[in-house]
Amino acid sequence: INGVDISDEDFCDLIDRIRPVAEKLDKEGYHVTYFEFMTAMVFIYFYEKNVDVAIIEVGLGGRLDSTNIIKSPLLSVITSISMLYL
């Protein structure tokens, strides 16, 4: 936030807070991916730090992407992706 990385303490705290929820979901048959886990951490961290604007990159996109929790983004940018072969 504002050019400052998340502290190790905040990072570990978020892991400790989210892990029990991820483990519970896993036991219920809903595997939480690394991207989903990290996305949850980012959203909680930004919320608790009360950021004005956050730039969020989607994962694979589509209706099941974990970033779709954002109901009304201020701006969405769609770009093409490709492989560069040299």
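Across every non-hydrogen atom of F37 and I15, the tightest pair is CZ-O, 4.0 Å. Across all non-hydrogen atoms, the minimal contact from H31 to E36 is O-OE1, 3.6 Å. Between E57 and F35 the shortest heavy-atom distance is O-CZ, 4.0 Å. Annotation for M38 and F11: closest pair CE-CE1, 3.9 Å, computed over non-hydrogen atoms. Of all the heavy atoms in S66 and T39, the pair that sits closest is OG-OG1, 3.4 Å.
Inter-residue side-chain proximity for I6 and L14 is flagged as met; some heavy-atom pair is nearer than 4.5 Å. No side-chain heavy atom of D10 sits less than 4.5 Å from a side-chain heavy atom of E48.
Transitive grouping of hydrophobic side chains (ILVMFWY, heavy atoms separated by less than 4.5 Å) brings I44 and I69 into a common cluster. Y34 is connected to Y45 through a chain of hydrophobic side-chain contacts under 4.5 Å among Ile, Leu, Val, Met, Phe, Trp and Tyr, so both are in one cluster. In the hydrophobic clustering of ILVMFWY residues, with side-chain heavy atoms under 4.5 Å counting as a link, Y47 and I56 come out apart. Note: the hydrophobic cluster containing Y30 also contains F43 (ILVMFWY, side chain heavy atoms under 4.5 Å, direct or indirect links). Under the 4.5 Å side-chain heavy-atom criterion for ILVMFWY residues, a single connected hydrophobic cluster contains both I1 and V42.
Applying the salt bridge (charged side-chain N to carboxylate O under 4.0 Å, His left out) rule to pairs touching residues 25-34 yields K24-E28, sequence neighbours excluded.
Cluster partners of L75 are V77, counting Ile, Leu, Val, Met, Phe, Trp and Tyr whose side-chain heavy atoms approach within less than 4.5 Å, directly or via other members.
Atom CG of D16 has more than 12 heavy atoms from other residues, nucleotides or ligands within 6.0 Å.
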